Each structure stands twice: as structure tokens, then as C-alpha cells.
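Report on the following structure.
Note that the structure is a prediction, hence the values are computed from the model and not measured.
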Amino acid sequence: MRIGNLNLKGQVLAAPLAGISNRPFRVLAVGWGAALTYTEMVSSEGIIRHQKKTLALMEFQSDEQPIGIQLFGANPEVMGQAAAIVREQFCPDLIDLNFGCPVKKVVRKNGGAAVLKDLVLTEEIIRAVVEAAGEIPVTIKIRSGWDDENPVYIEAGIIARKAGAAAVTLHARSRSRGFAGEADWLAIKKLKNAIDIPVIGNGDIKTPLDARRMIDQTACDAVMIGRVSFGNPFIFGRVDHYLKTGELLPEPSVTDKIELALEHAELMVGQYGETRGAKMMRRYLGWYVKGWPGATELRPRLFQVETRDDIKQVFDDYLEK
Ligand SMILES: Cc1cc2nc3c(=O)[nH]c(=O)nc-3n(C[C@H](O)[C@H](O)[C@H](O)COP(=O)(O)O)c2cc1C
């Protein structure tokens, strides 16, 4: 699978996830088989103002690569300037443009999915970023449109191709749908038929079989996995393995998950320090234990952990029972 000049070793991509796809998440995603990871979406306005917190979101190391930095914003000039900074200071494998975010804070300023309401603007933004990004491939991530009545994904895909984008990811829902209902995979197929750059299909993949089904039904070039990977980095490898061999690896056991949750905690603490790292880890722990017997009683204890040792203790107690 190739995106511009970037060769990927598989077809399974880890989604950009605000508040979630930070360095520890990405290290595990790549380690467990994702062919590409992304930063959380990063504000182009924050970048050109050199805001420290914004810049920190884009720092990465080789164990998270290949990595895409995802930008959002609605001003072509600002997006171009931001892309130039990204290229010079961070040099990721890819720059992705967020034209899909439905969150009010973002669309109020015409960013994210709001860009899809004005395809002239969409094109201007892509052109500005492609020019500034130089050799770094630029991709876009879209929803099917602002609302169900006005699907624009095919037009947006054609425009992106024309403006120099190297691939398009489609989360096959309109902005107004949020996460409700089922993603419309037929839209992915239609987009694939309409453009000759790679199409990455996204929406509602939960199992390796779903990924296979999406590729078979839509002919998309790769799949992107989001929510089901929370507390479940194993999914990238299980999907990758299934797509490559047709063999379904077993679900990870509780002990496998505990081992990985502790490794995740270690990475969190390494990245953010003991106190902040352990606190940030709480929500991920809640996801790791999803579906375990006794998870309801376990969660309140996990949501109070202050240190790595606390986490280990809670799991030791759980296993003893
Ligand atoms: C908590 C959360 C944060 C997200 N943050 C981003 C983001 O920063 N950029 C983006 O393009 N999409 C973002 N998304 C959308 C996902 O990348 C993905 O398109 C969506 O979850 C559908 O895929 P899934 O069904 O596999 O979860 C986010 C989704 C969730 C649930």
C-alpha cells in the first residue's frame, strides 16, 4: 500500500483520535501492527502562534512511525503556514487534513467537517498545504458531507485529487449523524470508483472480519480503525494478520490485557510523569477491562489509581479473586 512516496507495510491504519492518540497510544498501535498512526488533530492557528501545548502534540519518535500529523483549520493561508512549520520542525511521514470533525468548538470556526460546506475553500486549503508540505504527502479525512441531504464526498475526493492530495479517508457518515446509525460503506465504494488515489475506508470496523468485509465490499485500499482500539491495541495486529493470511488469531486473554495495560501505563508515566500519567491512564484502564467478569466493581478502583504501583495492585487483587 502506497500513499504518495510513502510505502506502508500493511492496510490497517490507527485513526487520529483527539485526547487519545498520544505518544503511548501510538507506540502500542505501531508495535501491535498498525501500518500508520496519526497525532490527535492539531490546530493550525495554535501552530502558527507557536503555542507550546499545540507544538507538543506533534512531537514523535521513530517507534511511532510511520506517523501522520493531522491539522485542522479553515484559513488556507494559516493552514499553509502551519504545514510549513510542520515540515521544517517535525517532518512527519504524512500530513493529514481534518475535514471531518463534528465537534462544535471546531466547526464553529468553520474547521473540521464545516469545510465540506464550501468546496472552493476545501480546494484552497489543500492546495496551500500541498505546496507548503513539499515532499511530504498530504491526505484528507472527510465525512460524507455536512448532513445526509448534501453528500459531497465524491466531489471532495475529486477536488482533493486535483489539488494534489495523495489519499482520502472517508468516515462514511455525515457530520449531522455524529456517531449514530451505521456507517454507509457503499459511499466508500462510490468514492473508490470516482478517484484514482488511495481511498481509506473508515467507520464501524470492530473485528478482523469487518475489515475484510469492508475491503471486499468497497475495494478500499486500506482500513482505518478508531473506537474499537481503545484499550485494545491488539486489534491492529489481529486485523493485519487476518487480512494477510485469512487466519483469525484468538482474542487476547485477561492476562494478556493486564500485561499490555501495565506496559501502556509505563509509557504514560514515561511520557507525562507518574502523577499525571497514572491519572491519564484511568480512562484507558476502563477500556482495557471492558467485558471482563466483575468489570463493574473493578472500574471504580481503577478510576482512583494515582501511581503505576496502584494499577498493578488493583490487577493483582483482581487476579487473586
Ligand atoms: C474520542 C474520539 C476522538 C476523535 N478524534 C478525531 C481527530 O482528532 N481527528 C479525526 O480526524 N477524527 C477523529 N475522530 C474520528 C475517528 O478518527 C474515526 O473517524 C471515527 O471514530 C470512526 O471510526 P471507528 O468507527 O473505527 O471509531 C475521533 C473519534 C472519537 C470517538
- Task: Tell me whether W287 is reachable from V269 by hopping between hydrophobic residues (I, L, V, M, F, W, Y) whose side-chain heavy atoms are closer than 4.5 Å.
- Result: no

- Task: Answer yes or no: is there a donor N or O on one side and an acceptor on the other, between the side chain of R143 and the main chain of G178, under 3.5 Å?
- Result: yes

- Item | Partner set under side-chain contact (heavy atoms from CB on, under 4.5 Å) for Q65, not counting sequence neighbours | F60, S62, I67, D93

- Establish whether F179 and L17 are linked, either directly or via other cluster members, by ILVMFWY side-chain heavy-atom contacts under 4.5 Å. no

- Message: Side chains of S253 and D256 only: does a donor on one sit below 3.5 Å from an acceptor on the other?
- Response: yes

- Task: Verify the neighbour count for atom CD of Q217: are there more than 12 heavy atoms of other residues, nucleotides or ligands below 6.0 Å?
- Result: yes

Return all side-chain donor-acceptor pairs below 3.5 angstrom for residues 106-116, not counting sequence neighbours, or 'none' if the list is empty.
none

- Query: Can R173 and D204 be counted as an ion pair, charged N to O under 4.0 angstrom?
  - Reply: yes

- Task: Could you tell me whether the side chain of R161 and the main chain of I195 form a donor-acceptor pair under 3.5 Å?
- Result: no

Listed pairs under 3.5 Å, donor-acceptor, residues 125-135 side chains, sequence neighbours left out:
unit_1, atom_1, unit_2, atom_2, d
R127, NE, E123, OE2, 3.2
R127, NH2, E123, OE2, 2.9
E135, OE1, R87, NE, 3.4
E135, OE1, R87, NH2, 3.2

- Verify side chain to side chain donor-acceptor pair (under 3.5 Å) between D147 and S174, making sure each step is shown before the conclusion. CA-CA 5 Å; D147 50 36; S174 66; over 6 Å; no

- Within the 6.0 Å centroid threshold, strictly below: F234 and W32: yes

- Could you walk me through whether K290 and F230 pass the side-chain contact (heavy atoms from CB on, under 4.5 Å) check? CA-CA 10 Å; K290 199 171 151 201; F230 298 0; over 6 Å; no

- Item | Cluster check F90, V30: I/L/V/M/F/W/Y, side chain < 4.5 angstrom | no

- Message: Once rounded to the nearest 0.5 Å, what's the spacing between atom CG of N232 and atom CD1 of I235?
- Response: 5.5 Å

- Could you go step by step and tell me if T39 and L57 meet the side-chain contact (heavy atoms from CB on, under 4.5 Å) rule? CA-CA 7 Å; T39 61; L57 289 174; 5.7 Å; no

- Message: Does I47 form a side-chain contact (heavy atoms from CB on, under 4.5 Å) with V42? I'd like the steps, not just the answer.
- Response: CA-CA 8 Å; I47 294 174; V42 185; 3.8 Å; yes

- Hey, is the main chain of Y38 close enough, under 3.5 Å, to the side chain of S21 for a donor-acceptor pair? yes

- Task: Determine the interplanar angle of the F25 and F236 rings, folded into 0 to 90°, and report it as parallel if under 30°, tilted if 30 to 60°, perpendicular if over 60°.
- Result: perpendicular

- Task: Only pairs at least two apart or in different chains count here, so list each salt bridge (charged side-chain N to carboxylate O under 4.0 Å, His left out) that has a residue in residues 31-46.
- Result: E45-R49

- Query: Which of these passes salt bridge (charged side-chain N to carboxylate O under 4.0 Å, His left out) with K312: D316, D309, D310?
  - Reply: D316

- Query: By side-chain contact (heavy atoms from CB on, under 4.5 Å), which residues pair with R276, not counting sequence neighbours?
  - Reply: Y272, M280

- Counterpart residues, side-chain contact (heavy atoms from CB on, under 4.5 Å), relative to D118 (two or more places apart): V120, L121

- According to a 4.5 Å side-chain heavy-atom criterion applied to Ile, Leu, Val, Met, Phe, Trp and Tyr, with indirect links allowed, do I69 and F99 form part of one hydrophobic cluster? yes

- Message: I'd like to know whether V305 forms a side-chain contact (heavy atoms from CB on, under 4.5 Å) with L285, so could you lay out the CA-CA distance, the side-chain angles of the two residues, the decisive distance to 0.1 Å, and finally the verdict.
- Response: CA-CA 10 Å; V305 295; L285 293 169; 4.0 Å; yes

- Distance-only donor-acceptor check, side chains Q313 and D317, under 3.5 Å: yes

- Item | Whether H264 and Y288 hold their rings parallel, tilted or perpendicular, with breakpoints at 30° and 60° | perpendicular

- Within 6.0 angstrom of K244 NZ, more than 12 heavy atoms from elsewhere: yes

- Message: Working to the nearest 0.5 angstrom, can you tell me the gap between L94 CG and N5 CG?
- Response: 9.0 Å

- Query: Where do N202 and T169 land on the side chain to side chain donor-acceptor pair (under 3.5 Å) test, with the steps shown first?
  - Reply: CA-CA 7 Å; N202 171 237; T169 303; over 6 Å; no

- Query: Looking only at atom types and distance, does a side-chain atom of D221 sit under 3.5 Å from a main-chain N or O of V199, one as donor and one as acceptor?
  - Reply: yes

